[in-house]
Amino acid sequence: MSEMAKQILRRDERFVEIQAWASPSVWTDQMLKTLHRGVERGKWYSLSDKLMRKNNIMEAWEKVCSNKGSHGVDMISTERYESELEHNNAKLLEELQDGRYDPRAVRRVGIPKGDGRKTRPLGIPTVRDRVVQTALKHVIEPIFDIDFSPYSFGFRPKLGCKDALRRVNELLKQGYLYVMDADIQSYFDTIPHEKLMSRVKEKIIDGKILDLIEQFLKANIFDGLKHWEPEEGTPQGGIISPLLANIYLDPFDHKMTEAGFEIVRYADDFLIMCKSKESAKRALRKTRRWMKANGLKLHPEKTRIADMTEKCEYFEFLGYHFERTRNTHRIKRWPRKQSLKKCKDAIRKKTRRSNKDSIEDIIAYLRPNLVGWYQYFKHSTVYAMRGIDEFTRRRLRSIIAKYNRKKGSHRMIDTRKYNKAYFTDLGFFSLEEVWKLEFQSLRSKH
DNA sequence: GGCAGTTACAC
RNA sequence: GUUGUGUAACUGCC
């Protein structure tokens, strides 16, 4: 099948998804039909009337309210907005229709990110502006999402990191072992406005909508006493920002795919996976060129090529650590959802009745849920398990504690804590990292 | 099946 | 002081 035919097929598939999540107060059957059929010359002319429907504004407000977010520069909280909800919404609608609407500045807040001491600059719009942005997103998201690359997974409805990771695993299995791991330097803050707007204009003609987007990009930033107008970037914390971020990088996805590269992208974090070192290097060169031409810069330290044919090579992606270890390990997949309940019941019944209390017995019962057990130290074993209810877990702990007194060195790990990393349903597992996390404190004591 | 509430992860 | 998008899991109720 040609690349073109595949593309059309994927578009159809995605349409079915979109149908399910598109906001019904905007996306009527007629509109959806138009979305599927494709619009004249691929551009949408009248959208602002959909944005300004009362239903849409109300729905948007409910979404903003349910997020329980903080106030913006005007100090109006969601509670205060709600106390005069009818009035506020009516005023907002009026302003939008008159073209008098103007977004307020965003409130700058720094939040610590990850484990480093760096802070992430946040721009919090006012509640009122969050409502408008949500309403706007409901209108434009399906228009762009339907043609997004199927290899872009970040910030997209019904797609999550697991989908991206599944693809990574699939490609590794197929022998794509040269992995270009790229990171764009402060991506959100460096997206050029002009170029971004021209991407938006490829699909939307409606001037009111375009003005609105531009106004959100140009909204002032208030940081304490200072305030300024940003000349680049989209505010982190803005509701449409993630969507805009995807719109800007979408041509890159398609370009790399057309060039024959396998890309896996999650927002600004992406991998290009290749079967040879040479082609990985070519991918890197091509990526650098595209980023430069589009006003973006790759992070010099975080961007590199990992050769996964080498023993101790690794790369990190979406919180998972991919590594080829010396002792290749047996990995059990997570239990399937349907079988999980059955399994739980069996375990509960068995552990309640049984007085044998032998570790081996329990392992036998848990086998379907056992991720793996590993010799990490001369006399110790780690039992890793998941999908077990509170009662069973407590019982197991006491059993293991008893067992420990006799033989020592047995520990149980609750894998739910490590959902983030290191235990995966993908066939990768780094024992060293688990050791680090679980036994750090133990080690420091001795 | 549905609905609500929470936590936890990615960016 | 903590915004946003998305996903997942848990709990409760009918």
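Everything numeric here is computed off the predicted structure, so don't read it as measured data. In what follows, chains are A, B, ... by sequence order, proteins preceding strands, each numbered from 1.
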Problem - Rounded distance (Å) that lies between atom P of G6(C) and atom CG of Leu318(A) - result: 17 Å
Exercise for the section: Mind calculating the distance between CZ (Arg120(A)) and C1' (U5(C)) to the nearest angstrom? Expected result: 12 Å
Handout entry: Under-4.0 Å side-chain N/O to phosphate OP1/OP2 contact, Asn67(A) with G4(C)
Key = yes
Completion exercise
Gln133(A) atom CD is separated from U5(C) atom P, nearest whole Å, by 9 Å
Handout entry: Partner nucleotide of U11(C) by Watson-Crick or wobble geometry (both distances under 3.5 Å)
Key = dA4(B)
Problem - Options U5(C), G6(C), dC11(B), nucleotide nearest the side-chain atoms of Ile239(A) - result: U5(C)
Exercise for the section: For G1(C), give its Watson-Crick or G-U wobble partner with both distances under 3.5 Å, or none. Expected result: none
Practice task
Using a 4.0 Å heavy-atom cut-off across all strands, classify Gly238(A) as base, sugar-phosphate, or nothing.
Solution key: sugar-phosphate
Exercise for the section: Kindly point out which of G4(C), dA10(B), U7(C) is positioned nearest to the side chain of Lys158(A)? Expected result: U7(C)
Practice task
Establish, with yes or no, whether the OP1 or OP2 oxygen of G4(C) is under 4.0 angstrom from a side-chain nitrogen or oxygen of Arg130(A).
Solution key: yes
Exercise for the section: Mind calculating the distance between OH (Tyr266(A)) and P (A8(C)) to the nearest angstrom? Expected result: 11 Å
Exercise for the section: Starting at atom CG of Leu271(A), determine the distance to atom C1' of dA10(B), rounded to an integer number of angstrom. Expected result: 13 Å
Exercise for the section: Give a yes-or-no answer on whether the side chains of His254(A) and Asp147(A) include a donor-acceptor pair shorter than 3.5 Å. Expected result: no
Exercise for the section: Identify whether the distance between the nearest side-chain nitrogen and carboxylate oxygen of Asp223(A) and Arg107(A) falls below 4.0 Å. Expected result: no
Exercise for the section: Using a strict 4.0 Å threshold on nitrogen-to-oxygen distance, state whether Arg167(A) and Glu262(A) make a salt bridge. Expected result: yes
Practice task
Could you tell me whether a side-chain N or O of Arg156(A) sits under 3.5 Å from a main-chain N or O of Ser152(A), the two making a donor and an acceptor?
Solution key: yes
Handout entry: OP1 or OP2 of U3(C) under 4.0 Å from side-chain N/O of Arg108(A)
Key = no
Completion exercise
Here the distance between atom C1' of dA10(B) and atom CZ of Arg166(A), to the nearest Å, is 14 Å
Practice task
Would you confirm whether the ring centroid of Phe270(A) sits within less than 6.0 angstrom of the ring centroid of Phe252(A)?
Solution key: yes
Handout entry: Pair Phe222(A) and Trp228(A), ring centroids less than 6.0 Å apart
Key = no
Exercise for the section: Could you check how far CZ of Arg156(A) sits from C1' of dA10(B), rounded to whole Å? Expected result: 16 Å
Exercise for the section: Taking only the side-chain nitrogens and oxygens of Lys137(A), find out if one of them lies under 4.0 Å from OP1 or OP2 of G6(C). Expected result: yes
Practice task
Describe the nucleic acid contact of Asp163(A) in one word from base, sugar-phosphate, nothing, applying a heavy-atom distance below 4.0 Å.
Solution key: nothing
Exercise for the section: Select from Gly237(A) and Phe153(A) the residue whose nearest nucleotide in RNA chain C is closer to the 5' end of that strand. Expected result: Gly237(A)
Completion exercise
Per atom distances to the Ser70(A) side chain, the nearest of G4(C), G6(C), U2(C) is U2(C)
Practice task
For Leu159(A), answer base if it contacts any base atom (sugar-phosphate contacts may also be present), sugar-phosphate if it contacts only those atoms, and nothing otherwise; contact means non-hydrogen atoms under 4.0 Å.
Solution key: sugar-phosphate
Problem - Of the listed nucleotides dC11(B), G1(C), U5(C), the one nearest the side chain of Pro242(A) - result: U5(C)
Exercise for the section: Check every atom of G6(C), U2(C), dC11(B) against the side chain of Asp268(A) and return the nucleotide holding the closest atom. Expected result: dC11(B)
Problem - Touch class at under 4.0 angstrom, heavy-atom based, for Ser241(A) against every strand present - result: nothing
Exercise for the section: Round to the nearest Å and state the distance from Asp189(A) atom CG to G4(C) atom P. Expected result: 17 Å
